[in-house]
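The structure appears below as C-alpha cells.
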Amino acid sequence: MSRFIDELKRTHRCGDLRAANEGNVVVLFGWVASRRDHGGCVFVDLRDRTGITQIVFDRDYAAKHPGAAQHGSAEEVAAAHKLAEQMRGEWVIGVRGLVLSRGSNKNPKIPTGEIEVLVLEATVFNKAETPPFEISDDVETREEIRLEKRYLDLRRPALQRTLIQRHHINLATRNYLSSQGCLELETPYLVKYTPGGARNFLVPARMAQGKFFALAESPQLYKQLLMVSGFDRYFQIVKCFRDEDSRLDRQPEFTQIDIELSFTNQSEIFRLIEGLIFAIWKQALGVDLKELFPSGQFPEMPYAEAMTKYGSDKPDLRFDLPHVDLTDLVLEHGGGGVPFWVEIADKYKSGALRADMRPEIVKAIVIPAAANLSRPQLEDLEKGLREIKGFRGLPRAKLAEDGSWTQSPLAKSITPELRAAINQACGAKPGDVVCFQFGKESLVHTVMARLRSDVAKRMGLIPEYGHGGKWSFLWVVNPPLFELDEETGTFSPAHHAFTRPVDEHLPLLESDPARVNCYRYDVVLNGFEIGGGSVRLHDPEVQQRVFNVLGIRDQDARDKFGFLLDALKSGAPPHGGIALGMDRLTMLLSGAQTLRDVIPFPKTNQATDLMTGAPVEVDASQLAELRIKTIT
RNA sequence: GGGGUGGUAGUUAAGUCGGUUAUAACGCCGGCCUGUCACGCCGGAGGCCGCGGGUUCGAGUCCCGUCCACCCCGCCA
C-alpha cells in the first residue's frame, strides 16, 4: 500500500481526464461509486470531489491492448482484477493505469466519458461498511439520518458542489473588498451581554465566578469602534450566534459578511455591495449580473411601499401579483354592508382606531382567471395558510360576467356600490378570483404575503425552491426608526438605537416618533433578506433625543453602551455599514433548498447536533468549578 | 410558547372498513457473466410498524401520552 502513497503520487483527480490524455499512464485515488462486474472484466466508477472516472479491470487486457504490456506486468493486472472482484461501494482505492479512448462506448453523461483507465496496478487503502444511504444526488433520505452521518452525506456530489461554491464566494469577497480598501479585522466572540435584540448564548466565566460572557450575536458595536479608531474601512467573514428558534433560512450559528465604512452615506454603501455581489456571482456562478442590471445598480423601494404593495419587507419581485389595499374604500362605504368590515369602519369612526396609523386594514389579491385554479386548488391554498397562528379563513369571490360575486361568503351582504368599487380598484375581470383578508395589519400582511408567494408557486411563476434562473435583487429602504409597543405605549428601536434618522424627519422626533424613518436598508434576493444595515448616528445631540424617545435615561444608556457612547464622543467619523447573510447568499446562489445544505455541519431545528449529540450534560465537578447549579 | 406534516426492512415508499404469513423498489449477501455505465440474469437474507399505555377476540391501522425530524406563526434589530 505504501507504494501508492510514497512512490506513486496522484497524477490527476477523477474529474480531470479527457480525450487529450489518451496514452497517459496515470495514478488516481478515490472512492468506489459503483461497480459493474462482468466476470473477466470489472468496471468501477471512481469518485472524488471533482467527478467520476470509469476504470476497467480487464483480465485479457494484453490481447486487446498490446501496447499496455510495456507499462505493467500480467501478474499485477491479474492481482488488480482479483481485488476488483471484492471491491464494494465506498471503498477507498488507488490505481495506476493507462488512459484509453472509449471508442464507440463513450458516456456523454459525464465529462470524463470520452476515456477510461485500464488498470495495471491497484491497491485498497480502506474498506467501508455499507453506508446507511446511497451516496448519490437523486436519493432522498430522511434528514435525521443524513445529519447523523453527516460525513457521508457530505460525500454527495451536490453538497460538495455547494460547499466548493461557498469557497469561491469567500474568495471573491476577500479579493473584492480588499481591492476596495477594506481591511479584514477580527472581533471577539466572547462579549458583554446586552439586553434586547436576539437571545444570547451564555458562556460561564470561570475566573469571574457567577458571571457570564455572551457569544456575539454580531460584531456590530466592535465594528463601529474600529471606525472610531480610524481603520476607515473594515470587513470580516464572521460567525454569529443567536439562541433563537431555527427556520429553513435560520441557524443558531451562522456566518455574516460584515462591513463598515467611514465617511460614507447610503448610496456609497449600496454601490460597494452591488459590486461585491456582481463579483461573487461572476466567480462562484459564472453569471454576469451586468446583463440583468445594466446600470450596475439594484432597484430601491421604500419600506412603506413594500408593505403596502406586497405585505412584506422582503418582497419577491420575480413576479408581481400585488396586494390591493381596500381600507380607504371600505371606510368610505362604511363597511359596505359586510358585517366584519362595518365593525372595522365603526372603530375608525368612533376614534377607537387611529386613522393615520392604520392598525386594522382590508386587503385583496387577484388570482387571474388565466391561472385556472380549480375550487379544490383554491381550498388547498387556504389550507396552507392555516398554519399561521390567528388565521381564520380566506374569503374569496369569483367574478361573474356582470361583475357580481359567486362562490363568496361576502356576496350576500356587500353593497353593489362597494362591490363595483372593489372590482375596479383590483382591476378584476370576469373569471378572476379575488381573495380578501382583513383585521390587524400584521396578521393581514403575514397571511397575504404568504398567499402571494403560494399563488405564484401554484401558477408556476416561480419554482417551489430555487431561483429558477431569475435573480431579483432589491434594496428596501427607509423603514421606521421606532417600533411602538401597543400594550405599554412605549417605543423601542426597530433596528438598533444607533441608527440615523432621515434628515427631514428630525423635527418629528419628539412630536410624532412613529413617523420617523431612518437610514436603514435591507438587500433582498428572491424574497429572502440577504443583508441589512444602516447609516449610524454619530451626532451626540440627536443620539440623546433618540434615547429620550426610547425612555433610556442617561444612566441606563451608560450601563448598556457606555463604552460606545464614550467612543462616539472621542472623535467618531460619520460611518455606516451592512452585514450580508453569507449562508443565505450561498443557499440562493447555489439553489440549495435549505440553509443546512450550505453548512458543512448544521444544527437541527432544536439546535442539536445529531452527529455528536451536542449539547450534553457535564459532570457535577465541572459545574461546581463554574459555581453553577442546575434546577429541574 | 403555538399550529401543521412525517416516523413501517439498510434506504425510499405502499399497506383499503381493525382480520389470516406486513408488500414493492433500490441496497445488501451468494452464484453466473468481457463492454457495462442506475449493467444484466438466478437465488437468498433482512421487521420491536419511533417509544409507552389503552380499547378490542384481534391494532401497522382506532384512542391517549411521549420522543425525534422537518415546515410555519411567535421570536430572530
Side-chain angles (χ1 to χ4, degrees), chain A residues 33-46 52-61 63-64 81 85 88-90 100 102-110 112-113 116 118 129-149 152 194 196-200 217-218 220 240-252 254 313 383-391 442-443 446-447 449-450 454 464-465 479-483 492-499 518 520 522 529 532-534 579 581 593-594 596 603-606 608 610:
Chain A
S34 90
R35 173 177 152 276
R36 297 174 290 278
D37 187 345
H38 290 243
C41 169
V42 179
F43 300 96
V44 164
D45 287 343
L46 193 65
I52 280 179
T53 298
Q54 170 165 291
I55 59 180
V56 193
F57 300 81
D58 190 339
R59 238 177 344 203
D60 300 330
Y61 75 107
K64 278 182 278 176
H81 179 268
E85 285 181 324
R88 293 297 182 268
E90 302 311 314
L100 299 174
R102 289 237 217 151
S104 57
N105 291 315
K106 292 187 170 59
N107 183 352
K109 283 188 263 180
I110 54 174
T112 61
E116 63 190 358
L118 177 67
E129 291 176 358
T130 304
F133 48 84
E134 209 180 313
I135 311 301
S136 157
D137 286 346
D138 37 40
V139 176
E140 290 291 316
T141 305
R142 219 176 336 142
E143 194 94 18
E144 235 166 313
I145 300 163
R146 291 179 53 196
L147 291 172
E148 212 172 286
K149 300 278 195 292
L152 288 178
T194 48
R199 189 180 293 116
N200 291 110
E217 58 189 66
S218 82
Q220 180 62 43
C240 302
F241 306 87
R242 295 181 189 174
D243 189 4
E244 298 289 349
D245 287 5
S246 297
R247 282 286 188 285
L248 177 127
D249 62 346
R250 273 165 31 189
Q251 280 270 315
F254 61 100
D313 59 357
K383 204 169 154 193
L385 299 173
R386 275 188 220 144
E387 54 187 37
I388 297 173
K389 192 178 183 180
F391 175 72
S442 59
L443 182 61
T446 302
V447 171
R450 168 75 176 274
D454 286 355
E464 193 68 32
Y465 294 99
L481 178 59
F482 301 108
E483 221 161 51
S492 58
H495 182 51
H496 61 62
F498 305 100
T499 306
C518 60
R520 171 172 153 62
D522 284 343
E529 179 197 321
S534 63
Q593 292 193 4
T594 85
R596 292 185 297 282
K603 304 272 190 292
T604 68
N605 269 353
Q606 291 187 42
T608 64
L610 291 181

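Here the structure is a predicted model, which is why all the values come from computation and not from measurement. Here is the naming used below: chain letters follow the sequence lines, and residue numbers restart at 1 for every chain.
- The base of B:rU36 sits within donor-acceptor range of the side chain of A:Arg102, with an N or O pair under 3.5 Å.
- Look at A:Phe133 and the base of B:rU11; the rings do not stack under the cut-offs of 5.5 Å between centres and 30° between planes.
- Counting non-hydrogen atoms under 4.0 angstrom, A:Ile145 reaches the backbone sugars and phosphates but no base.
- A:His81 places no side-chain N or O within donor-acceptor distance of the main-chain N or O of A:Val42, the cut-off being under 3.5 Å.
- Atom CG of A:Leu100 sits about 12.0 Å away from atom OH of A:Tyr61, to the nearest 0.5 Å.
- Phosphate contact (OP1/OP2 of B:rU5, side-chain N/O of A:Lys383, threshold under 4.0 Å): absent.
- One cannot find a donor-acceptor pair under 3.5 Å joining the base of B:rU5 and the side-chain atoms of A:Glu387.
- Using P as the reference atom, B:rC62 and B:rG15 are 12 Å apart when rounded to the nearest Å.
- If you check every strand for non-hydrogen atoms under 4.0 Å, A:Arg247 touches a base.
- Here the nucleotide nearest the side chain of A:Asp60, chosen from B:rC28, B:rU34, B:rC72, is B:rU34.
- Interface remark: the A:Glu244 side chain does not form any donor-acceptor pair with the B:rG74 base, using a distance-only criterion of under 3.5 Å.
- Across all strands shown, A:Arg146 has no heavy atoms under 4.0 Å from either base or sugar-phosphate atoms.
- The gap from the C1' atom of B:rU55 to that of B:rC42 amounts to 48 Å, rounded to the nearest Å.
- Using a cutoff of 4.0 Å between basic side-chain nitrogens and carboxylate oxygens, A:Asp60 and A:Lys64 are not scored as salt-bridged.
- With rounding to whole Å, A:Glu148 atom CD is found 12 Å from B:rC70 atom P.
- Distance noted for atom C1' between B:rU11 and B:rG7: 14 Å (whole Å).
- With a cut-off of 3.5 Å on both Watson-Crick or G-U wobble distances, the partner of B:rU34 is given as none.
- Look at the P atom in both B:rG60 and B:rC73: the space between them is 38 Å, to the nearest Å.
- Between the side chains of A:Asp45 and A:Ser34, at least one donor N or O lies within less than 3.5 Å of an accepting N or O.
- The separation between A:Arg36 atom CZ and B:rU36 atom P is 10 Å, rounded to whole Å.
- OP1 or OP2 of B:rC71 sits under 4.0 Å from a side-chain N or O of A:Arg596.
- From A:Thr141, atom OG1 reaches atom CD1 of A:Ile135 across 8.5 Å, with rounding to the nearest 0.5 Å.
- For the pair A:Asp37 CG and B:rC37 C1', the computed distance is 14 Å after rounding to whole Å.
- Under the stacking definition used here (centres under 5.5 Å, planes under 30°), the residue A:His38 fails to qualify as stacked on the base of B:rU36.
- Phosphate proximity of B:rU36 to A:Gln54: absent, as no side-chain N or O sits under 4.0 Å from OP1 or OP2.
- Computed from coordinates, the A:Glu140 CD to B:rA13 P distance equals 8 Å when rounded to whole Å.
- Between B:rA69, B:rG35, B:rU34, one nucleotide has an atom nearer to the side chain of A:Asn105 than all others, and that is B:rG35.
- Per the geometry, CG belonging to A:Asp245 stands 13 Å off C1' belonging to B:rC71, to the nearest Å.
- Comparing B:rU23 with B:rC49, their C1' atoms are spaced 13 Å from each other, to the whole Å.
- Under 3.5 Å, the side chain of A:Asp243 and the base of B:rC76 form no donor-acceptor pair of N or O atoms.
- With RNA chain B read from its 5' end, the first of the two nearest nucleotides for A:Asn107 and A:Lys389 is the one closest to A:Asn107.
- At a threshold of 4.0 angstrom between heavy atoms, the contacts of A:Lys64 include nucleobase atoms, whether or not backbone atoms are also involved.
- Between A:Arg88 and the phosphate of B:rC29, there is a side-chain N or O to OP1/OP2 separation shorter than 4.0 Å.
- Considering CG of A:Asp454 and NZ of A:Lys383, their distance stands at 13.5 Å, rounded to 0.5 Å.
- The C1' atoms of B:rG50 and B:rA9 are separated by 15 Å, rounded to the nearest whole Å.
- Residue A:Thr604 places at least one side-chain N or O closer than 4.0 Å to OP1 or OP2 of B:rA69.
- Pairing for B:rA69 is with B:rU5, a Watson-Crick or G-U wobble pair whose two hydrogen-bonding atom distances lie under 3.5 Å.
- A distance-only check finds a donor-acceptor pair linking the side chain of A:Gln251 to the backbone of A:Lys603 [under 3.5 Å].
- To the nearest whole angstrom, the two C1' atoms, one in B:rC70 and one in B:rC29, are 34 Å apart.
- The base-pairing partner of B:rU11, taking Watson-Crick or G-U wobble contacts with both distances under 3.5 Å, is B:rA25.
- At least one side-chain nitrogen or oxygen of A:Ser34 sits closer than 4.0 Å to the OP1 or OP2 atom of B:rC39.
- Closest contact between the side chain of A:Glu144 and the listed nucleotides B:rG10, B:rG6, B:rC72 involves B:rG6.
- The residue A:Glu116 sits close to a base: some heavy atom pair falls under 4.0 Å.
- A heavy-atom distance below 4.5 Å is not found between the side chains of A:Thr130 and A:Arg88.
- The residue among A:Arg250 and A:Gly89 whose nearest nucleotide of RNA chain B is located toward the 5' end is A:Gly89.
- For A:Ile388, counting side-chain heavy atoms from C-beta on, the closest listed nucleotide (B:rC73, B:rC70, B:rU34) is B:rC73.
- Taking atom CD of residue A:Glu483 and atom C1' of nucleotide B:rG74, one finds them 13 Å apart after rounding to whole Å.
- Nucleotides B:rA69 and B:rC64 have their P atoms positioned 23 Å apart, rounded to a whole Å.
- Remark: B:rC57 base-pairs with B:rG19. Criterion, Watson-Crick or G-U wobble with two distances under 3.5 Å.
- Here the P atom of nucleotide B:rA25 and the CD atom of A:Glu134 are 16 Å apart, to the nearest Å.
- Applying the 4.0 Å criterion to OP1 and OP2 of B:rA69, one finds that A:Asn605 has every side-chain N and O outside that range.
- Between A:Glu116 atom CD and A:Leu46 atom CG the span is 13.5 Å, to the nearest 0.5 Å.
- A:Thr608 comes within 4.0 angstrom of the backbone, heavy atoms only, and of no base.
- In this structure, CZ of A:Arg142 is placed 14 Å from P of B:rC49, rounded to the nearest angstrom.
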